[in-house]
Enquirer: 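Quick one: structure below, then a few questions.
Chain letters run A, B, ... following the sequence lines, proteins first, then strands; residues in each count from 1.
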Amino acid sequence: MIMPNKNELNEIVIIMENIDTQLGGHWVHQQLNLSIKRGEIIAIVGGSGTGKSTILREILGLQTPSSGDIKLFGKSLSSYNMDEIALLRHRCGVLFQQGALFSGMTVLENVAFPLHELKHLSQKEVDEIALLKIVLSGLEVEAAIKYPAELSGGMLKRAALARAIVMDPELLFLDEPTAGLDPISASALDDLLLQFHAAFGLTIVMVTHDLDTLAKVIQRIIFLGEGKVLASGTYAELSENKHPLIYEYFHNARARAVAAIQDI
Amino acid sequence: MMDHFLTIDTANATVFCNNNWTLENLVNIDNVLLSVTWPQQKTLIFSGERLQKMDSAGALRFNKLIKQLSAQGFKITLKNFVPATQTIIDLIAKEYSFPSIPQEKPSLTGLAWLGKYVIDFDIRLYSILSFIGEIAIVAIRLPFHLQKIHWRSFFSAIEATGYRAIPIIVLLNFLIGVVLAYQMGLQLKNYGAEIFIVDLIGISVFREFGPLITAIIVAGRTGSSFTAQIGTMKINEELDALRIMGVLPIELLVVPRTIALMLSVPLLTVLADISGVFGGMFMSKHLLHVSYYDFLHRFETAVSVKSFVLGMIKAPVFGILIATIGCFQGFKVANSADSVGRQTTRSVVQSIFFIIVADAVFSILYSEFGI
């Protein structure tokens with residue numbers, strides 16, 4: 001974790017400038033611009049096919065936009081060399097939608113995997129650090145020796161989260177973290193994210209459709225539509241927005257139910 | 001070295017944490033902690049005012065230190081840690097009690113191992129037999145329920161396992177013919193019996209090499225793909241979806257594939273026989289100077305149709321073996337990508353094993369009946 005110094009507090013950690021992305025013959029992003037500050041909890045929302053997950057993949061360097069520039073920690077992604085990319089990987093944690101835990105390894109081995117890349121640590125230290133993250137993610141110690149196939153959906157997400165934060169990343173990316181979870185597990189995961197945000201000073205960027213998460217966890221929502229960022233703001237701000245796409249998103253039956261509960 | 005991470009102010013019983021207590025420095029921190037002499041006073045203050053950065057790995061090490069010192073009777077207070085660091089230290093202190101790493105269950109030994117092995121073997125045998133039984137029931141019912149035959153699945157299996165395998169089967173058997181002619185030709189040349197290469201090539205290719213090489217290639221090429229396809233479908237719950245829709249997976253996936261292989265392996269074997277003989281013929285001309293005319297002229301009298309038929313009888317049996325083993329291993333896949341790989345390997349190894357066993361059984365039978 002980086003201690004947020006005074007000057008770092010307003011530091012912009014992610015910038016996407018004039019991004020165009022072409023996927024399967026049609027333009028997903030057209031002149032998309034966004035920036036994310038250190039310590040923010042951001043959700044990227046929008047209808048299907050608006051390129052939400054694509055944004056995550058582009059920031060992570062798994063996919064290259066057709067044109068435009070992406071800056072991480074003030075430096076353009078294309079100008080990072082091999083060694084710097086490796087270091088950059090330690091500063092970013094990712095929770096994939098299906099968890100993407102390695103099925104041939106136990107939870108402990110999965111979580112410890114990134115630590116082993118650091119060669120100099122002893123096995124005991126590696127296990128201790130990995131186990132700490134497993135426990136902090138809300139799993140029982142006994143779950144550490146289980147294989148991913150033996151875990152329930154909620155436990156799987158927690159194990160994957162433990163692996164995502166094992167290197168103390170500054171940026172945490174989550175792709176639909178609460179999808180497929182029961183409301184209790186989903187709510188517990190929300191709390192966990194807030195706890196990690198407070199303790200580790202994480203900057204969290206997630207793609208989610210979970211309106212409860214949007215209302216409870218997220219500080220700023222980035223709404224995608226028509227290939228660009230249509231609006232960004234808090235849940236309350238966006239639900240006042242009159243743009244038809246945004247209005248529909250926040251005023252359909254489900255959204256109204258959430259708003260009633262959350263008293264927004 | 002010591003000042004790097006800890007400074008001890010003995011007079012005030014204060015310990016200052018310095019520098020970066022981070023993952024990268026963990027080894028150095030450990031080294032420092034080994035050589036520390038702690039003050040005599042039993043109340044210590046740990047101060048974080050000179051600390052630059054402490055990540056969770058560092059905080060874990062720090063908490064461990066506090067725990068060890070407390071166990072030695074020190075009373076410890078923390079001061080001047082920045083709130084974020086204090087939060088991590090508190091969080092770890094609250095949630096993490098340094099549990100021992102759970103150990104996986106030790107593997108069984110001696111009698112227990114033997115017992116488990118026998119029972120596992122029993123279960124395996126039972127599942128293989130019930131699988132064969134299931135195929136048999138579906139296959140026997142099939143002629144009476146023609147509308148239940150999945151023709152699309154059958155023809156696409158024929159295309160994938162037969163048609164698309166032609167190039168590799170032809171090429172490899174041609175090369176086998178070349179190799180055989182080369183090895184045997186050298187021996188025959190010593191006796192001036194070059195023309196008998198025709199008998200040797202004809203009979204060995206027709207009776208053994210054609211069917212066997214074809215079956216082994218099909219096992220590697222098709223058996224493995226059956227296992228991987230069905231295994232992936234199982235992981236995706238597609239098999240369950242089929243059952244729910246009233247389609248037996250065996251009916252849709254196994255029976256068409258088995259019948260397809262039962263037909264396409266013999267057809268491929270015919271091509272294999274022809275290209276094997278051509279390979280031998282080609283090499284005979286260049287090595288032994290037996291002309292194509294002489295070769296074919298001799299072939300007519302030296303190699304009987306019987307050799308061809310005896311080889312062809314084996315082919316459908318090999319086909320059935322490959323299809324059932326490939327599909328069976330596919331159904332055995334458990335919920336992981338790992339398991340697909342393991343079962344695919346097993347499928348190929350078992351297919352080839354049983355092909356060779358079956359081939360040996362045929363040899364024994366043929367010799368018993370004197371054919």
Enquirer: Contact part of Ile165(A) toward chain B, heavy-atom cut-off under 4.5 Å: side chain, backbone, both or neither?
Expert: neither
Enquirer: Is it the case that atom NZ in Lys42(B) sees more than 12 heavy atoms from other parts of the structure closer than 6.0 Å?
Expert: yes
Enquirer: Using a cut-off of 6.0 Å, state whether more than 12 heavy atoms not belonging to Leu62(A) lie near its atom CG.
Expert: yes
Enquirer: Given Lys94(B) and Asp90(B), is the salt bridge (Lys or Arg N to Asp or Glu O under 4.0 Å) satisfied, shown in steps?
Expert: CA-CA 6 Å; Lys94(B) 190 173 123 227; Asp90(B) 292 345; over 6 Å; no
Enquirer: Flag yes if more than 12 heavy atoms outside Glu237(B) fall under 6.0 Å of its CD atom; otherwise flag no.
Expert: no
Enquirer: Is it true that, when you exclude Glu140(A) itself, more than 12 heavy atoms of the residues, nucleotides or ligands shown sit nearer than 6.0 Å to its CD?
Expert: no
Enquirer: Testing the basics here: between Val28(A) and Gly51(A), what is the closest heavy-atom pair and its distance to 0.1 Å?
Expert: CG1-CA, 3.4 Å
Enquirer: Among residues 60-69 of chain B, which residues come closer than 4.5 Å to chain A, judged by heavy atom distances?
Expert: Leu60(B), Lys64(B)
Enquirer: Chain B heavy atoms under 4.5 Å from Glu150(A): which part of the residue, side chain, backbone, both or neither?
Expert: neither
Enquirer: Could you have a look at Val141(A), Leu132(A), Ile129(A) and say which one has the most heavy-atom pairs with chain B under 4.5 angstrom?
Expert: Leu132(A)
Enquirer: Tell me, yes or no, whether the heavy-atom count around Leu129(B) atom CG, taken from other residues, nucleotides or ligands under 6.0 Å, exceeds 12.
Expert: yes
Enquirer: For the residue pair Tyr117(B) and Phe121(B), does the interplanar ring angle fall in the parallel (under 30°), tilted (30 to 60°) or perpendicular (over 60°) class?
Expert: parallel
Enquirer: What verdict does the side-chain hydrogen bond (donor to acceptor under 3.5 Å, both in side chains) test give for Asp55(B) and Thr22(B), after you've listed the backbone C-alpha separation in whole Å, the side-chain angles of each residue and the deciding distance to 0.1 Å?
Expert: CA-CA 5 Å; Asp55(B) 65 5; Thr22(B) 52; 4.9 Å; no
Enquirer: Return the option, out of Thr106(A), Val135(A), Val166(A), Leu115(A), with the maximum number of heavy-atom pairs under 4.5 Å with chain B.
Expert: Val135(A)
Enquirer: Check each atom of Phe102(A) against the heavy atoms of chain B and say whether the ones under 4.5 Å are side chain, backbone, both or neither.
Expert: neither
Enquirer: Specify which of Glu125(A), Glu142(A), His90(A), Lys146(A) makes the most heavy-atom pairs with chain B at under 4.5 Å.
Expert: Glu125(A)
Enquirer: Does any backbone or side-chain atom of Leu136(A) lie under 4.5 Å from a heavy atom of chain B? Answer side chain, backbone, both or neither.
Expert: side chain
Enquirer: At a 4.5 Å cut-off on heavy atoms, which part of Asp30(B) comes close to chain A: side chain, backbone, both, or neither?
Expert: side chain
Enquirer: Should we count NZ of Lys116(B) as having more than 12 external heavy atoms under 6.0 Å?
Expert: no
